[in-house]
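Everything on this sheet refers to the single structure shown next.
Excluded from the calculations below are hydrogen atoms, water molecules and symmetry mates; all remaining heavy atoms, backbone and side chain alike, are included.
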Amino acid sequence: MLSYCFFEGAIASKGKASQMAADVDMDAAGGEGWGDDAELQLDEDGFMDAREGLGDDGLGKEERGGWEVEEDLDLPPELDVPGGAGGGAEDGFFVPPTKGMSPTQMWCNNSQLPVDHILAGSFETAMRLLHDQVGVVNFSPYKSLFMQTLSRGSTCYLGLPSLPCLRGHPQRNWKDCGAKQGLPAVGLRLSDLISRLQQCYQLTTAGRFEEAVERFRTILLSVPLLVVDNKQEIAEAQQLITICREYIVGLTMETERKKLPKDTLEQQKRLCEMAAYFTHCNLQPVHMMLVLRTALNLFFKLGNFKTAASFARRLLELGPRPDVAQQTRKILAACEKTLTDAHQLNYDPHNPFDLCAASFVPLYRGRPVEKCPLSGACYCPPYKGQVCRVTQVTEIGKDVIGLRKKITSYILPLTIEDNVVHFERLTGHPLTFSSSLVVLTNTQPWIVLFRYKRATFSSSQS
């Protein structure tokens, strides 16, 4: 099929092809100038030998080499270049260096503390550690703490004008760490939480219970994000957890008590019971005096003078103000005239008990108890598996491995025998004891080494 260019088609469409086309007979044979190549000689079958169309000087002769290039040259051996696809610097190609490991990735590899993973920006692994160590199942209250902690994980500084900012990663062990043993600098310290505790005490004294509970809970949730190294700080952190738990349980119960009606006798008895339970929370003396005064007044009005007298004696032992002490002595004198209780209550001051943080009923010694793995708050068995009312993040009764305060050790009892018992209780695996190594009697891949009376667990399975 013939094809025409644009100009030939344009000329033909305008009727001018006869003027510019060649007026030659199409069947006319070419002249001598075209040569013999214009004629193709075929045999009877319509074929011809390709070599017949070439002369003696044709390109089809194998015995005649067209290009005779000598390839065997003697070159010095130092000029030998290894074969390959190229890519060297002499060929104009750039070979980039191998990508190294970022500081944040090294932080995650070197530590099993949740705060280090948060500072590295690895929220997923931090959540998994909190779930395994303290049983956290609801991470919504931790969102603000995570973001505050992450903001302290890196720094930005300007190298030169008009250039992007450079990022730095501060490390807490920068003096003795190597290239791959760095750990992030933690901005939150135990002393910071203790200073916040004083603010919570002031709110409690002012009667702002709901705000105080939120502050106490924030401190409690921040304890797993601490890094402590010595026994004193460990004991202070555990004491801080206990203080926050006692205040959260007591203030929450007092807030609920004030919301209850007091029209019937049963309702009044319930109010007195909750006020009596509050006196068994471990509070500061200034707050315990206020709690005892409330319980004393309620029990005196109810006619339970014997129990009211016990509250009066406890109040006088704390050394209240002179006016409060004088009024308390008058009430005590009135109660001693009739040392009886008019109504039977679910309260025994002489029998030790734990307080259920959900139902606010006493759990006397010997009864089954479920505890929060983080706060240690006690609950009745039906509340197992629910979210703790104190922390609002942990699961009640969940089996966990415990808080990890140091990089290589769990906080366990100091004797080897106690460590063995504690490990058996946590894992359910029996141990055989030796002087330097404790090995499982079955084939579980655990290695338990005791160094300096402290347990260091390392597992071949994560």
Side-chain angles (χ1 to χ4, degrees), residues 107 110-120 126 129-130 133-134 136 141-155 168-177 182-206 208 211-251 281-288 372 374-377 390-391 393-394 402-412 414 454:
W107 293 349
N110 298 336
S111 174
Q112 292 297 319
L113 300 180
V115 63
D116 292 337
H117 290 249
I118 297 173
L119 289 169
L129 290 173
L130 287 174
Q133 295 178 6
V134 293
V136 177
Y142 265 112
K143 180 179 180 180
S144 59
L145 295 177
F146 273 41
M147 299 306 296
Q148 292 175 7
T149 304
L150 178 62
S151 64
R152 298 190 291 261
S154 60
T155 60
H169 298 83
Q171 298 183 356
R172 64 175 179 266
N173 60 339
W174 57 274
K175 292 184 179 180
D176 53 357
C177 70
L183 294 172
V186 180
L188 181 64
R189 301 184 181 276
L190 183 61
S191 57
D192 299 333
L193 298 183
I194 294 177
S195 62
R196 297 180 190 178
L197 187 64
Q198 300 300 324
Q199 301 177 0
C200 299
Y201 287 156
Q202 296 176 2
L203 293 174
T204 304
T205 305
R208 299 161 62 180
E211 186 176 355
V213 167
E214 293 297 327
R215 297 287 185 89
F216 278 115
R217 183 174 290 117
T218 302
I219 296 176
L220 178 59
L221 297 182
S222 301
V223 173
L225 306 182
L226 290 175
V227 176
V228 294
D229 295 327
N230 52 61
K231 298 179 183 179
Q232 181 180 357
E233 291 184 351
I234 292 172
E236 292 178 355
Q238 294 174 345
Q239 183 181 4
L240 188 61
I241 292 177
T242 302
I243 292 174
C244 293
R245 179 194 68 225
E246 296 293 322
Y247 270 88
I248 292 174
V249 172
L251 296 179
C281 294
N282 189 9
L283 308 178
Q284 294 295 313
V286 61
H287 302 141
M288 182 57 67
C372 169
L374 174 58
S375 65
V390 176
T391 63
V393 298
T394 53
L403 278 177
R404 217 170 183 184
K405 293 298 181 182
K406 299 183 70 176
I407 302 303
T408 58
S409 62
Y410 288 94
I411 304 308
L412 296 179
L414 296 181
R454 188 173 297 274

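Looking only at distances, a side-chain donor or acceptor of N173 sits under 3.5 Å from a matching main-chain atom of L183. Under the 3.5 Å distance criterion, the side-chain polar atoms of Y142 are matched with a main-chain donor or acceptor of L221. The backbone N or O of S375 lies less than 3.5 Å from a partner atom in the side chain of R245, making a donor-acceptor pair. Remark: side-chain polar atoms of R217 are paired, donor with acceptor, to backbone N or O of V390 under 3.5 angstrom. Looking at H117, its side chain does come within 3.5 Å of a backbone N or O of S111 through a donor-acceptor pair.
Remark: R152 CZ to I118 CD1 distance equals 9.5 Å, nearest 0.5 Å. The distance from the CG atom of L197 to the CG atom of L220 is 11.5 Å, given to the nearest 0.5 Å. Atom-to-atom distance recorded for Q239:CD and I241:CD1 is 11.0 Å, nearest 0.5 angstrom. Note that CG of L145 and CG of L150 are 12.5 Å apart. Values are rounded to the nearest 0.5 Å. The line from CD1 of I219 to SG of C244 is 5.0 Å long, rounded to the nearest 0.5 Å. Between the SG atom of C200 and the CZ atom of R208 there is a distance of 11.0 Å, given to the nearest 0.5 Å.
Between Q171 and P184, every side-chain heavy-atom pair lies at or beyond the 4.5 Å cut-off. Counting heavy atoms from C-beta on, the side chains of E233 and L226 never come closer than 4.5 Å. Residues L190 and L240 are in side-chain contact: their nearest non-hydrogen atoms beyond the backbone lie under 4.5 Å apart. Counting only heavy atoms from C-beta outward, the side chains of T205 and Q284 never approach each other to under 4.5 Å. Side-chain contact between V115 and L188 is absent, with no heavy-atom pair separated by less than 4.5 Å.
Here the closest non-hydrogen pair linking V223 and A237 is CG1-O, 4.2 Å. Nearest approach of S154 to P170, heavy atoms of both residues: CA-CD, 4.1 Å. Summarising the geometry of D192 relative to G187, their closest heavy-atom pair is OD2-O, 3.6 Å, with the distance given to 0.1 Å. Looking at every heavy atom in both residues, C281 comes nearest to M288 through O-CE, 3.0 Å. Looking at every heavy atom in both residues, T394 comes nearest to V134 through CG2-O, 3.4 Å.
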Verdict with supporting geometry, V228 and E236, side-chain contact (heavy atoms from CB on, under 4.5 Å): CA-CA 10 Å; V228 294; E236 292 178 355; over 6 Å; no
Steps toward side-chain contact (heavy atoms from CB on, under 4.5 Å) verdict (V186, D116): CA-CA 8 Å; V186 180; D116 292 337; 4.2 Å; yes
Candidate pair F216 and L203, rule side-chain contact (heavy atoms from CB on, under 4.5 Å), full reasoning: CA-CA 10 Å; F216 278 115; L203 293 174; over 6 Å; no
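When T149, L130, L119 are each tested for a side-chain contact (heavy atoms from CB on, under 4.5 Å) with P114, only one passes: L130.
Around CD of Q232, the count of heavy atoms belonging to other residues, nucleotides or ligands within 6.0 Å does not exceed 12.
Relative ring orientation between Y247 and H287 is described as perpendicular, the plane-to-plane angle rising above 60° on a 0-90° scale split at 30° and 60°.
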